[in-house]
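A short worksheet on the structure shown next.
First the proteins, then the strands, lettered A, B, ... as listed; each starts at 1. Please read these numbers as outputs of a predicted model, since none were measured by experiment.
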Amino acid sequence: MLPSILSKSRNEPLLARDRRRLCRLLCSSLRTATDLQLTNAAAAASSPPSSNSHIASSPNSYHHYTSVLQSCVASRSLGTGRQLHGRLLVSGLGPDTVLATKLVDLYAACGLVGHARRLFDGMPKRNVFLWNVLIRAYARDGPHEVAIQLYRGMVDYGVEPDNFTYPLALKACAALLDLETGREVHERVLGTHWGEDMFVCAGLVDMYAKCGCVDDARAVFDRIRVRDSVVWNSMIAAYGQNGRPMEALSLCRDMAANGVGPTIATLVSTISAAADAAALPRGRELHGFGWRRGFDRQDKLKTSLVDMYAKSGWVQVARVLFEQLMKRELVSWNAMICGYGMHGHFDEALKLFNKMRVEAQVTPDNITFVGVLSACNHGGMVKEAKEFFGLMVDVYSIKPTVQHFTCLVDVLGHAGRFEEAYDLIKGMPMQPDSGIWGALLNGCKIHKNVELGELALQKLIELEPEDAGNYVLLSNIYAQSGKWEKAARVRKLMTNRGLKKIIGCSWIELKGKTHGFLVGDASHPRSAEIYEELERLEGLMSDAGYMPDTMPVFHDVGDDEKRNMMRSHSERLAIAFGLISTPSGTKLLVTKNLRVCEDCHVVIKLISQIVQREIIIRDVNRYHHFVNGECSCKDYW
DNA sequence: CAACTATACA
């Protein structure tokens with residue numbers, strides 16, 4: 001009869017004899033003073049005043065027994081838990097699923113998944129709680145494949161997954177980027193009534209988002225009737241993580257309009273979206289909002305602000321916030337180092353990197369090295385880049401990824417060391433991707449290496465035949481070396497394949513409103529003033545000896561027309577608009593969907609000198625920080 | 001027993 005003690009239903013009164021037995025068991029396992037203190041404190045904490053608190057606090061009840069175990073879970077008192085487990089085994093107090101669930105939970109929480117698994121495997125009967133607790137352990141700490149195996153095992157075992165199981169299984173799918181299984185889980189959910197459950201839907205949204213299917217995520221999101229902040233956050237993060245920051249920002253507005261208050265998670269996701277969209281005014285607004293709520297004291301929010309300010313050109317502000325962090329985590333260091341790197345402050349980036357390793361004793365990861373290598377890159381530091389690469393591999397035993405190789409190829413290409421770059425590519429342990437060939441092609445463009453440029457383009461076309469930018473780049477290489485027929489042939493090849501050059505577009509955000517400009521755009525209400533300003537500046541520039549360089553325009557058109565096309569490049573329109581709409585001295589940030597052309601680069605340098613303004617252009621792949629006639633890229637980009 | 005939150009090459 002004893003084994004049945006522990007499987008009595010919770011509300012059934014225990015027999016006096018059972019109670020005595022349990023009490024003895026419990027007391028004998030809690031002999032040490034520390035354990036006792038721990039347990040008492042934890043038990044007190046886990047029984048808040050409630051209608052049945054008298055039951056929980058009664059020392060002889062089954063509730064007390066389970067609550068002691070519960071408190072072990074809460075305080076991770078492995079010792080006490082193991083003793084209890086031992087006693088249970090010795091006394092033949094058998095397999096009660098409630099107690100087993102708590103033990104499995106305890107072992108998993110203390111990192112002893114093996115123990116948890118053995119206990120689980122030994123249970124003759126498994127209910128949904130037991131499955132969930134074990135799946136949770138694997139869904140949280142991995143290996144995630146096991147979580148999915150268990151989910152499948154549970155179905156085979158005949159236990160129906162519930163509203164707790166699905167989010168866990170989906171979390172594992174998300175971690176593995178296993179879209180196929182994710183869809184399978186979704187299918188199953190649709191066959192039940194759990195499709196209405198907010199937790200399950202949040203799990204689905206997140207799973208689709210992590211697997212890159214934002215629109216599937218949105219479809220699930222749209223069908224949810226009542227949405228709490230977490231579901232909104234999941235969807236906002238979905239856009240942010242999939243390169244659609246503008247939609248993330250607008251969804252945050254929708255969330256507020258729907259009366260759901262932003263939480264710290266909302267702000268972190270949205271601020272990071274603002275960073276990616278280089279939407280500084282919006283980011284500052286969010287910063288202010290977080291400040292009023294007192295969220296900005298939290299390191300996670302502050303780190304997202306570090307990233308946002310750095311990406312919006314305010315590296316110094318980012319640094320101040322970085323210094324204010326209570327504890328500088330790896331991500332914070334990475335954000336700051338990459339922030340310096342992308343603006344060309346390679347000396348600051350390297351100083352910070354050393355501070356991180358030596359003073360703060362934080363171990364860098366592969367992302368840190370991407371930042372450091374790209375910083376070397378922007379500074380043209382070949383020797384240092386190689387050294388850091390060696391440091392990464394030899395000292396930190398970090399396996400280089402294709403991104404690290406891309407940085408090296410890029411720095412070598414910039415320096416015109418094509419043989420080394422090409423050898424490096426040939427010796428890479430992985431297949432070179434489009435980034436690698438793109439970096440090489442970029443170097444070829446700078447040094448007018450037509451031969452290797454052709455090869456790189458060949459590879460690029462194989463890898464991404466749909467990308468018109470590749471054709472444009474090669475055509476520019478030809479044009480720069482005066483090979484006009486070849487330039488035209490590439491252009492023709494491009495049109496024959498039905499590819500269109502992406503139209504250049506730049507935007508600038510002023511007072512929370514985004515103003516976008518296309519090439520030759522005359523649609524802006526202040527268009528006349530914008531062109532007037534450009535003309536005024538051109539006059540001042542030719543006084544300074546500026547001659548337009550029309551080389552990059554590869555169309556077969558007359559010089560005058562080329563000039564006109566150049567002078568109405570979208571970034572110039574955006575800058576002119578910024579100049580006439582802001583007080584003198586205001587820093588301008590312009591974002592562009594393509595690369596800045598050579599002539600615009602020269603022009604913007606001159607403008608920054610003439611009007612004495614800091615102008616930041618955020619290219620499709622880097623920043624140009626123009627101050628007093630100089631650019632942070634030192635004309636290498 | 002459950003869902004969301006920062007960093008990265010070209």
Task: A:Ile264 side chain, from C-beta outward: closest of B:dA3, B:dT5, B:dT7 - done: B:dT5

Task: Selection from B:dA6, B:dC4, B:dA10 that lies nearest to any side-chain heavy atom of A:Asn233 - done: B:dC4

Open item on the list: Looking only at the side chain of A:Phe129 (C-beta and beyond, no hydrogens), which of the listed nucleotides B:dC1, B:dT7, B:dT5 gets closest?
Closed with: B:dC1

- [ ] Give the intermediate values and the outcome of ring-ring contact (aromatic ring centres under 6.0 Å, His included) for residues A:Phe388 and A:Tyr396.
- [x] CA-CA 11 Å; A:Phe388 283 121; A:Tyr396 291 100; over 10 Å; no

Open item on the list: Starting the side chain at C-beta, find the nucleotide from B:dA2, B:dA8, B:dA10 nearest to A:Asn377.
Closed with: B:dA10

Open item on the list: What's the closest nucleotide to the side chain of A:His378 if the choices are B:dC4, B:dA10, B:dT5?
Closed with: B:dA10

Open item on the list: Can you tell me if A:His414 touches the phosphate of B:dC9, counting only side-chain N or O atoms and a distance under 4.0 Å to OP1 or OP2?
Closed with: no

TODO: Select base, sugar-phosphate, or nothing to describe what A:Gln298 touches, counting heavy atoms under 4.0 Å on all strands.
DONE: nothing

Open item on the list: Under 4.0 Å from OP1 or OP2 of B:dA6: is there any side-chain N or O of A:Lys311 that close?
Closed with: no

Open item on the list: Measure CZ/A:Arg297 against P/B:dT5 and give the value in whole Å, please.
Closed with: 24 Å

Task: Test of ring centre spacing under 6.0 Å for A:Phe164 and A:Phe199 - done: no

Task: Rounded distance in Å - CG (A:Leu373) to P (B:dC9) - done: 11 Å

TODO: For the side chain of A:Ser374, starting at C-beta, report the closest nucleotide among B:dC1, B:dA10, B:dT5.
DONE: B:dA10

Open item on the list: Rounding to an integer number of Å, can you tell me how far A:Phe369 CZ sits from B:dA8 C1'?
Closed with: 13 Å

Open item on the list: For a quick test of reading the model: is some side-chain N or O of A:Ser434 closer than 4.0 Å to OP1 or OP2 of B:dA10?
Closed with: no

- [ ] Can you check whether any acceptor in the base of B:dC9 is under 3.5 Å from a donor in the side chain of A:Thr406, or vice versa?
- [x] yes

Task: Phosphate OP1/OP2 of B:dT7 contacted by A:Lys302 side-chain N/O (<4.0 Å) - done: no

Open item on the list: Quick check against the 3.5 Å criterion: does A:Asp433 have a side-chain atom that pairs as donor or acceptor with the backbone of A:Ile436?
Closed with: yes

Open item on the list: Once you apply a heavy-atom cut-off of 4.0 Å, does A:Ser234 come out as touching a base, just sugar-phosphate, or nothing?
Closed with: sugar-phosphate

Open item on the list: For A:Lys355, is there an ion pair with A:Glu348 - N to carboxylate O distance below 4.0 angstrom?
Closed with: no

Open item on the list: Check the phosphate of B:dC4 against A:Gln241, side-chain N and O only, distance under 4.0 Å to OP1 or OP2. Yes or no?
Closed with: no

TODO: Look at the side chain of A:Ala237 and decide which nucleotide, out of B:dT5, B:dC9, B:dT7, has an atom nearest to it.
DONE: B:dT5

Task: No-hydrogen, no-angle side-chain donor-acceptor test under 3.5 Å, A:Tyr239 and A:Arg218 - done: yes

TODO: Pick base, sugar-phosphate or nothing for A:Asp206, based on heavy-atom distances below 4.0 Å to the nucleic acid.
DONE: sugar-phosphate

Task: Closest to side chain of A:Cys407, choosing from B:dA6, B:dC9, B:dA10 - done: B:dC9

- [ ] From the options B:dA8, B:dT5, B:dA3, select the nucleotide whose nearest atom is closest to the side chain of A:Asp307.
- [x] B:dA8

Open item on the list: Heavy atoms only, 4.0 Å cut-off, all strands: where does A:Asp228 land among base, sugar-phosphate and nothing?
Closed with: base

Task: salt bridge (Lys or Arg N to Asp or Glu O under 4.0 Å) assessment of A:Asp276 paired with A:Lys311 - done: CA-CA 7 Å; A:Asp276 289 339; A:Lys311 283 186 177 155; 3.1 Å; yes

Task: d(CG, A:Leu412; P, B:dA10) in whole Å - done: 14 Å

- [ ] Using whole Å, report how far CG of A:Leu204 lies from C1' of B:dC4.
- [x] 14 Å

- [ ] With the side chain of A:Ser304 defined as its heavy atoms from C-beta on, choose the nearest nucleotide among B:dC9, B:dA6, B:dT7.
- [x] B:dA6

